[in-house]
Amino acid sequence: MKKYLQGKRGADLLHDPLLNKGTAFTATERDALGLRGLVPPHIHTQAEQVHRVLQSFRRKPNELEKYIYLIALQERNESLFYRVVMDHLSEMMPIIYTPTVGQACQRWGHIFRRSRGLYITASDRGRIAQLLRNWPHTDVRMIVVTDGERILGLGDLGANGMGIPVGKLSLYTACAGVHPAQCLPIMLDVGTNTDSLLADPLYIGTPLKRLRGPLYDELLEEFVNAVQVQFPQACLQFEDFGNANAFALLQRYRDKICTFNDDIQGTAGVTLSGLCSATRLTGVKLTHMRILFYGAGEAGIGIGDLIVEALKAEGIPEAVARRQCWYVDSKGLVVRSRTDLVNHKLRFAHDHAPVSDLLAVVDDLKPHALVGVSGTPGAFTESIVQAMARHNPRPIIFALSNPTSKSECTAEQAYTWSEGRAIFASGSPFAPVTLNGRTHVSGQGNNSYIFPGVGLGVIASQSSRVTDEMFFAAAKTLASLVTPGDLAIGRVYPDLVRIREVSAAIALAVAEVAFNRGFARQIRPANMAELIRAQMFQPDYEDYV
Ligand code: NAD
């Protein structure tokens with residue numbers, strides 16, 4: 001942090017969240033930096049401050065109030081915020097990320113206190129570079145950008161979607177140690193088609209219908225080019241775009257700049273990893289697995305594509321690999337005879353009679369795994385879970401839709417209806433479930449296991465691209481860290497408390513790919529693992545004088 005001091009003193013220092021230590025400024029710092037009298041006399045340690053924060057946090061009456069409290073802390077004192085989040089990750093993550101961040105986005109204009117990140121609107125065309133130059137930090141390495149069209153499974157929240165880039169970047173820092181000064185959340189406010197937001201006087205975005213067509217594409221092109229000039233070392237993560245734009249943007253930029261789409265590729269990584277770990281419980285290898293996706297959007301198709309890559313790496317021909325992945329969308333089973341399929345679904349449209357009902361599809365295909373990525377709560381009914389349990393001794397059921405209110409079924413339902421045999425994971429966390437004296441701990445199949453480590457690896461290697469091979473490497477690494485103890489309680493992901501170790505290992509695997517494929521823009525260090533570890537931000541207070 002000291003390098004960001006740059007002559008700051010007194011109130012300026014206290015009001016800079018990157019540098020502020022509040023009551024923890026030492027006597028020497030108070031004298032040397034013009035702080036004496038501006039902070040209460042008692043000098044507290046960071047541990048004492050954490051104690052105070054936790055007391056206040058736990059007194060809040062509900063999750064949204066907890067969110068507001070934590071964000072206010074982040075805006076006051078980033079080191080303390082990250083200390084609290086990192087040391088109490090299981091408690092804090094559902095607040096700063098899914099599910100509570102979803103509620104926060106829905107209420108963003110109403111809970112708004114202080115601006116965080118950069119807002120770029122359609123009327124900023126021609127001056128986006130200038131807006132990027134307004135950002136106070138120059139060494140930006142990770143940008144998360146959204147246009148708010150598909151926020152979690154909550155739909156079009158327009159500029160209110162800013163909570164997602166803010167939350168994701170907090171996880172880059174908390175889970176992988178990407179320095180907060182290197183993180184930039186961006187909202188591309190291109191309007192919203194949600195009438196309730198347009199009618200809300202407290203909405204913080206431009207109250208106009210969504211920009212579409214060539215004007216949208218031109219704005220995006222100007223934005224991407226401006227980022228390349230202003231922050232040439234940054235990785236640009238596209239987040240929560242509507243699915244047509246998400247696929248198109250990934251296609252347009254993935255081979256030109258350092259970019260990825262977390263909904264497509266990050267979700268793929270975490271799900272592939274969960275499926276690989278599940279094979280250790282089912283005994284059915286990935287090469288023999290039939291996987292049925294409920295939802296054929298960004299997440300579903302992204303996962304299928306990565307599974308195909310994984311199967312090809314095992315020597316399975318692509319056409320055969322594709323037939324292991326089946327999809328049901330809002331119109332039923334995705335089959336070749338359908339005439340309503342958009343481009344990204346075509347590669348998974350197989351020869352089969354049309355079937356509209358999920359239960360009938362399960363009974364017909366007898367999948368080993370059922371993966372929910374539809375944003376449709378309750379879609380995995382008792383009869384569907386029972387059908388999965390009828391066809392499999394250990395049915396794999398992943399209800400990945402976020403937030404919790406959109407989950408295809410709950411952990412309790414999956415375990416109860418399958419008589420405790422389901423291998424269950426969900427996008428948002430569920431509490432452990434005790435059934436007939438046995439406690440089942442479900443895993444959180446959330447891309448937060450993947451993207452922080454991928455980002456760290458890309459930054460550490462200064463990679464010029466983010467490739468599917470990197471997500472494949474990340475998935476394998478994540479799966480390799482699942483212990484027999486995790487599996488024994490039913491969890492196909494490592495314990496979240498190990499997330500920094502997990503992210504460091506993923507970063508190393510990703511950096512290896514970057515060096516092996518010639519994407520790294522630096523000399524390969526003698527000890528990459530050490531370089532990664534040394535780069536990871538620690539939220540300890542540093543002496544400024
Ligand atoms: P998307 O809009 O691209 O795709 C949604 C898909 O669901 C579409 O194919 C649509 O046809 C299908 N669908 C909608 N209603 C349906 C119904 N009633 N029956 C069958 N199919 C239906 O969205 P996406 O990006 O793929 O995200 C989908 C969900 O997955 C969201 O809830 C999102 O939060 C969640 N997700 C979770 C993670 C994670 O890490 N766990 C990551 C990304 C997305």
Side-chain angles (χ1 to χ4, degrees), residues 93-94 97-99 101-102 105 146 149-157 161 164 167-168 171 237-250 260-274 292-306 326-334 338 340-346 348-349 355-359 361-362 370-381 384 398-408 424-430 442-452 471 475 478 492-493:
M93 208 153 124
Y97 194 50
T98 184
V101 71
C105 288
T146 186
E149 189 172 4
R150 200 241 62 200
I151 294 300
L152 303 171
L154 301 169
D156 181 354
L157 297 186
I164 297 296
K168 287 257 164 172
L171 296 193
Q237 176 187 327
F238 287 102
E239 182 69 35
D240 284 5
F241 282 71
N243 89 24
N245 286 329
F247 283 112
L249 289 167
L250 183 61
F260 71 100
N261 181 303
D262 189 46
D263 303 299
I264 299 174
Q265 297 162 288
T267 316
V270 79
T271 311
L272 173 61
S273 171
L292 177 61
F293 293 91
Y294 189 69
E298 295 171 54
I301 298 293
I303 302 165
D305 282 340
L306 195 62
W326 291 78
Y327 288 83
V328 169
D329 67 7
S330 55
K331 310 267 170 20
L333 190 61
V334 172
R338 275 176 54 178
D340 58 346
L341 295 176
V342 289
N343 201 22
H344 59 262
K345 299 183 190 177
L346 288 176
F348 289 104
V355 190
S356 58
D357 171 45
L358 179 61
L359 180 58
V361 175
V362 169
L370 177 62
V371 179
V373 271
S374 64
T376 323
F380 295 170
T381 59
I384 286 165
F398 288 177
L400 298 185
S401 290
N402 291 323
T404 319
S405 62
K406 301 288 175 186
S407 192
E408 284 80 5
F424 181 76
S426 56
S428 302
F430 280 106
S442 59
Q444 193 179 349
N446 194 289
N447 39 26
S448 52
Y449 272 112
I450 294 281
F451 69 78
F471 285 95
L478 179 59
V492 290
Y493 296 103

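Order of appearance sets the numbers: ligands from 1, and atoms from 1 within every ligand. Sequence positions, counted from 1, serve as the residue numbers for this chain. Computed from a predicted model, the values in this text were never measured in an experiment.
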Starting from the C-alpha separation in whole Å, work towards a yes-or-no answer on side-chain contact (heavy atoms from CB on, under 4.5 Å) for Ser426 and Phe398. CA-CA 6 Å; Ser426 56; Phe398 288 177; over 6 Å; no
Identify, with sequence neighbours excluded, every residue that meets ring-ring contact (aromatic ring centres under 6.0 Å, His included) alongside Phe471. Phe260
Return the set of residues passing side chain to side chain donor-acceptor pair (under 3.5 Å) with Tyr97 (not counting sequence neighbours), or none when no residue passes. Lys168, Asn446, Asn447
Option among Trp326, Phe348, Tyr327 that satisfies the ring pair (Phe, Tyr, Trp, His ring centres under 6.0 Å) test with Phe293: Tyr327
Taking only residues two or more places apart in sequence or in another chain, which ones pass ring-ring contact (aromatic ring centres under 6.0 Å, His included) with Phe430? none
Is the shortest side-chain heavy-atom distance between Arg338 and Leu346 below 4.5 Å? no
Could you pull out every N or O of ligand 1 that sits under 3.5 Å from a protein N or O, with the distance for each pair?
from	atom 1	to	atom 2	distance (Å)
ligand 1	3 (O)	Asn243	ND2	3.0
ligand 1	3 (O)	Glu298	N	2.9
ligand 1	9 (O)	Ala296	N	2.8
ligand 1	9 (O)	Ala296	O	3.4
ligand 1	9 (O)	Gly297	N	3.2
ligand 1	19 (N)	Tyr294	OH	2.8
ligand 1	21 (N)	Ser330	N	3.2
ligand 1	25 (O)	Arg150	NH1	2.2
ligand 1	26 (O)	Glu298	N	3.1
ligand 1	26 (O)	Ala299	N	2.9
ligand 1	27 (O)	Arg150	NH1	3.4
ligand 1	32 (O)	Asn402	N	3.3
ligand 1	32 (O)	Asn402	O	3.3
ligand 1	34 (O)	Gly153	N	3.4
ligand 1	34 (O)	Asn402	N	3.2
ligand 1	34 (O)	Asn402	O	3.4
ligand 1	40 (O)	Asn447	N	3.0
ligand 1	40 (O)	Asn447	OD1	3.4
ligand 1	41 (N)	Leu400	O	3.1
ligand 1	41 (N)	Gly445	O	2.9

